Protein chains: 2
Amino acid sequence: MRLQVSELANLCSVNKETIRYYEKENLIPEPSRNQSGYRMYEESTVKRVKFIKRMQELGFSLREVHKLLGVVDHDDVRCKDMYDFVSEKEKEIEKKINDLERMKDVLIDLKGRCPSTKDLHECPIIETLIVD
Amino acid sequence: MRLQVSELANLCSVNKETIRYYEKENLIPEPSRNQSGYRMYEESTVKRVKFIKRMQELGFSLREVHKLLGVVDHDDVRCKDMYDFVSEKEKEIEKKINDLERMKDVLIDLKGRCPSTKDLHECPIIETLIVD
DNA sequence: CTTGACCCTGTACCATGGTACAGGGTTTAT
DNA sequence: ATAAACCCTGTACCATGGTACAGGGTCAAG
């Protein structure tokens with residue numbers, strides 16, 4: 001069972017222009033077309049689009065996601081220097097997890113101080129993330 | 001000891017236009033001026049700008065950082081609904097940390113498969129993040 | 001007393017990641 | 001056989017978060 005562009009877009013919670021945009025940017029493969037020239041997608045594209053969206057939310061740019069998808073697509077060009085690329089990203093993620101943990105603790109602290117304006121204002125937000 | 005705009009920018013690794021931009025967007029308070037009308041910043045602004053940059057890298061928009069800074073600025077308007085705002089953000093961060101952990105594991109797996117093209121191509125990237 | 005390195009305001013421009021038509025064809029339901 | 005609901009391509013436009021002048025003032029060093 002193949003999907004038309006609107007069906008795909010709905011399943012991925014993006015709109016159809018975004019699907020076309022991803023195609024133009026080579027983030028998803030060119031789909032086959034039916035007799036009328038309509039794009040017909042494989043079901044696997046749903047997961048691929050969701051993956052792209054989530055990676056973006058995690059802080060990867062579309063260019064970076066494209067690079068990483070080189071592995072999925074068995075593309076030797078994009079797989080070149082993959083080790084270095086991945087090592088770099090891994091380090092960034094590590095640091096990010098660390099800071100997000102700290103930020104989470106601040107937010108929990110902050111919540112505990114609400115709604116008392118007085119307590120709230122004493123919450124050390126900046127200091128938790130930035131040290132001298 | 002007060003800082004001129006370029007000094008502040010250098011200490012924060014941003015450029016001076018960004019500082020002016022943040023001022024326009026009310027992310028940093030209007031600095032005092034010297035006799036020539038030059039902006040003179042308190043040293044505490046360094047940490048504030050660094051905080052803004054890092055929060056952005058962690059996935060917060062400047063509007064969200066602005067809201068959060070309401071606590072630091074003792075601003076009752078921005079502190080309204082702070083509990084709900086923070087609860088929402090906390091949930092997002094939680095999910096993000098989770099997915100980043102998973103992504104980190106994928107990247108480590110991926111690294112271990114390099115440079116063998118054959119092994120590399122078998123790495124399940126999308127599946128680790130997106131389930132049916 | 002001028003050259004270089006600062007600063008000012010204002011406005012234009014840029015990249016990223018979309019979003020929204022316009023102008024036209026197809027397909028299904030009535 | 002015609003309206004509604006799809007699809008197509010192409011191009012314009014949008015928000016966010018800056019970045020880069022232009023045109024002009026200030027100040028310290030030689």
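Computed from a prediction, not measured in an experiment: that's the story for all the values here. First the proteins, then the strands, lettered A, B, ... as listed; each starts at 1. In what follows, every heavy atom counts, from backbone to side chain, and hydrogens, waters and symmetry copies are set aside.
- Computed from coordinates, the A/Asn15 CG to C/dC21 P distance equals 12 Å when rounded to whole Å.
- When the P atom of C/dA15 is taken as reference, atom CD of A/Glu64 falls 18 Å away, rounded to whole Å.
- B/Tyr21 places its OH atom 15 Å from the C1' atom of C/dT11, with the value rounded to the nearest Å.
- In the interface, the side chain of A/Tyr38 is paired with the base of C/dG25 through a donor and an acceptor atom under 3.5 Å apart.
- Atom CG in A/Leu27 sits roughly 13 Å away from atom P in C/dT16 (whole-Å rounding).
- Map A/Gln56 and B/Arg33 each onto its nearest nucleotide of DNA chain C; the residue landing nearer the 5' end is B/Arg33.
- At the heavy-atom level, B/Val14 lies nowhere under 4.0 Å from the strands shown.
- The nearest whole Å value for the distance from the OH atom in A/Tyr22 to the P atom in C/dG18 is 4 Å.
- Residue contacts shown for A/Asn34 are absent, as no nucleic acid heavy atom lies under 4.0 Å away.
- In A/Glu122, the CD atom is crowded: over 12 heavy atoms of neighbouring residues, nucleotides or ligands sit closer than 6.0 Å.
- Nearer the 5' end of DNA chain D, as judged by each residue's closest nucleotide, is the contact made by B/Leu62, out of B/Arg20 and B/Leu62.
- We find that NZ of B/Lys16 is positioned 9 Å from P of C/dC6, with the value rounded to whole Å.
- Between A/Lys104 and B/Glu94, at least one side-chain nitrogen of the basic residue sits less than 4.0 Å from a carboxylate oxygen of the acidic one, meeting the salt-bridge criterion.
- Residue-level contact check: A/Glu25 touches neither bases nor backbone, having no heavy atom under 4.0 Å from any strand.
- Counting heavy atoms from C-beta outward, A/Asp73 and A/Pro29 have side chains that stay 4.5 Å or more apart.
- Of all nucleotides listed (D/dT19, D/dT26, C/dT27), C/dT27 comes nearest to the side chain of A/Ser36.
- In this structure, A/Met40 atom CE and D/dC6 atom C1' are separated by 12 Å, rounded to whole Å.
- B/Lys80 has no carboxylate O lying under 4.0 Å from a charged side-chain N of B/Asp76, or vice versa, which leaves the two without a salt bridge.
- The number of heavy-atom neighbours closer than 6.0 Å to NZ of B/Lys111, taken from other residues, nucleotides and ligands shown, is above 12.
- No contact: B/Lys24 has no heavy atom under 4.0 Å from any strand.
- The line from CG of A/Asn15 to OG1 of A/Thr18 is 4.0 Å long, rounded to the nearest 0.5 Å.
- Taking side-chain N and O atoms only, A/Gln4 has no distance below 4.0 Å to OP1 or OP2 of D/dC6.
- Contact annotation: B/Gln35 side-chain N/O to D/dT26 OP1/OP2 distance is not under 4.0 Å.
- Nearest-nucleotide positions on DNA chain D place A/Glu17 closer to the 5' end than the other of B/Ile52 and A/Glu17.
- Here B/Thr18 does not reach the OP1 or OP2 of D/dG17: none of its side-chain N or O atoms lies under 4.0 Å away.
- Computed from coordinates, the A/Glu23 CD to D/dG10 C1' distance equals 14 Å when rounded to whole Å.
- Across all strands, A/Arg39 comes closer than 4.0 Å only to sugar-phosphate atoms, never to a base (heavy-atom distances).
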